[in-house]
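What follows is a set of notes on a single structure, which appears directly below.
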Amino acid sequence: MAHFQNLHSWALSPREAVELQRSLRGKVRIEPLGREIGTIAGADISFDKFSSTVYAGIVVLRLPSLEVIEEVGVRSEAQFPYVPGLLSFRETPPLLEAWAKLKCEPDAVMLDGQGIAHPRRVGIASHFGLIVDRPALGCAKSVLVGRYVEPEREPGSWTPLVHQGETVGAALRTKAGVQPVFVSPGHLIDLQGAIALTLRCCKASRVPEPTRLAHLLVNAVRRGERTIDELDRTPRQDSLFD
DNA sequence: GCGACAG
DNA sequence: ATCTTGTCGC
């Protein structure tokens with residue numbers, strides 16, 4: 001069962017959340033990966049319009065095969081509104097509930113959002129990474145802050161995402177003929193590592209597999225096509241051999 | 001004051 | 001994020 005540290009309270013006002021981000025900023029470590037990544041988790045949440053009920057899920061994949069080795073999901077209540085720049089205060093609590101259900105311990109985690117490509121350099125990937133103390137990266141479908149020039153058409157090509165004169169991420173072409181995704185290191189990984197890891201997670205879609213599969217999982221749970229109970233008691237093939 | 005604004 | 005079907009193209 002994957003665990004995590006209680007760094008702080010989640011009962012905060014938006015104003016207090018901003019102050020907390022300022023204090024967390026100095027704890028974020030952007031550095032080369034410390035070891036090889038053999039498993040990576042994708043995390044995402046889904047919810048009904050006009051409802052505070054949220055479904056959080058995590059899918060763990062093995063690299064380089066991209067086979068799914070574990071899936072967990074939870075239903076929870078959002079306690080914080082969506083505010084640009086404060087996304088982690090809305091999504092992290094439910095995601096941690098799901099994280100706590102994991103039987104395996106992923107070597108890294110990919111979040112649907114930004115890492116340090118954030119106004120105060122503490123996007124959800126940085127915040128989540130700090131709490132679970134694992135290499136974390138953000139792979140977003142759009143930009144929060146920063147400017148970039150369109151990367152070349154070839155998959156794998158990228159251009160720096162620059163904010164206030166600092167390279168905080170990259171516009172990465174994961175597939176020809178589609179918009180780039182925005183990758184940024186979150187914690188315990190650097191930009192080079194985040195880009196390389198994201199590319200290792202790409203198959204046929206614009207969005208890398210961890211995030212894509214986590215998205216499909218939480219939507220299926222929200223629609224009742226899959227149940228949390230089913231997930232709780234369906235051990236993955238691999239876990240039988242662990 | 002105006003425009004921007006992850007999910 | 002979510003609301004929603006078909007449709008154009010490889």
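Hydrogens, waters and symmetry mates play no part in the numbers below; they use all other heavy atoms, side chains included. Chain identifiers are assigned alphabetically (A, B, ...) following the order of the sequence lines, protein sequences preceding nucleic acid strands; residue numbering begins at 1 within each chain. Just so it is clear, the structure is predicted and the values come from calculations on it, not from any experiment.
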Verify the neighbour count for atom CD of A/Glu154: are there more than 12 heavy atoms of other residues, nucleotides or ligands below 6.0 Å? yes
Looking at C/dC3, I'd like to know if its phosphate oxygens (OP1 or OP2) sit under 4.0 Å from a side-chain N or O belonging to A/Arg222. yes
What's A/Val145 touching, base or sugar-phosphate or nothing? Going by heavy atoms closer than 4.0 Å. nothing
To the nearest angstrom, the CZ-P distance between A/Phe50 and C/dC3 comes to 10 Å
Nucleotide C/dC3, atom C1' - distance to NZ of A/Lys49 in whole Å: 5 Å
Taking OH from A/Tyr55 and P from B/dG7, how many angstroms apart are they, rounded to a whole number? 21 Å
Using whole Å, what does the distance between atom P of nucleotide C/dG9 and atom NZ of A/Lys175 come to? 16 Å
Looking for any heavy atom pair under 4.0 Å, which part of the strands does A/Leu95 touch: base, sugar-phosphate only, or nothing? nothing
Determine whether the aromatic ring of A/Tyr82 stacks with the base of B/dG7, defined as ring centroids separated by less than 5.5 Å and ring planes inclined by less than 30°. yes
Should the pair A/Trp10 and A/Phe89 be assigned to parallel (<30°), tilted (30 to 60°) or perpendicular (>60°) ring geometry? perpendicular
Nearest whole angstrom, please: distance from the C1' of C/dA1 to the CG of A/Leu144. 15 Å
Just call it for A/His127: base, sugar-phosphate, or nothing, with non-hydrogen atoms closer than 4.0 Å on any strand. nothing
Would you call the rings of A/Trp99 and A/Phe128 parallel, tilted or perpendicular, taking 30° and 60° as the class edges? perpendicular
A/Leu216 CG to C/dT2 P: how many Å, rounded? 11 Å
For A/Ala11 and A/Glu16 the tightest heavy-atom approach is O-OE1, 4.1 Å
Shortest non-hydrogen contact from A/Ala125 toward A/Leu137: CB-C, 3.5 Å
Identify whether any heavy atom of A/Gly177 sits under 4.0 Å from a base atom; if not, whether one sits that close to sugar-phosphate; answer base, sugar-phosphate or nothing. nothing
So, does A/Ser142 get its side chain near the phosphate of B/dG7, meaning an N or O under 4.0 Å from OP1 or OP2? yes
Please classify the nucleic acid contact of A/Gln114 as base, sugar-phosphate, or nothing, using heavy-atom distances under 4.0 Å. base
Does A/Leu96 belong to the same Ile/Leu/Val/Met/Phe/Trp/Tyr cluster as A/Phe47, with side-chain heavy atoms less than 4.5 Å apart forming each link? yes
What stems, by residue range, does DNA chain B take part in, given at least 3 consecutive Watson-Crick or G-U pairs under 3.5 Å? none
side-chain contact (heavy atoms from CB on, under 4.5 Å) partner of A/Tyr148, chosen from A/Val143, A/Leu172, A/Val162: A/Val143
Please state whether the phosphate of C/dT2, meaning OP1 or OP2, lies under 4.0 angstrom from any side-chain nitrogen or oxygen of A/Asn219. yes
Rounded to whole Å, how long is the line connecting atom NE2 of A/His163 with atom C1' of B/dA6? 13 Å
Counting heavy atoms from C-beta on, name the nucleotide in B/dA6, B/dG7, C/dC3 closest to the side chain of A/Asp112. B/dG7
Give a yes-or-no answer on whether the side chains of A/Ser46 and A/Asn219 include a donor-acceptor pair shorter than 3.5 Å. yes
Spacing between A/Leu217 atom CG and C/dA1 atom P, to the nearest angstrom: 15 Å
Checking all strands, does A/Ile45 fall into the base, sugar-phosphate, or nothing category for heavy-atom contacts under 4.0 angstrom? nothing
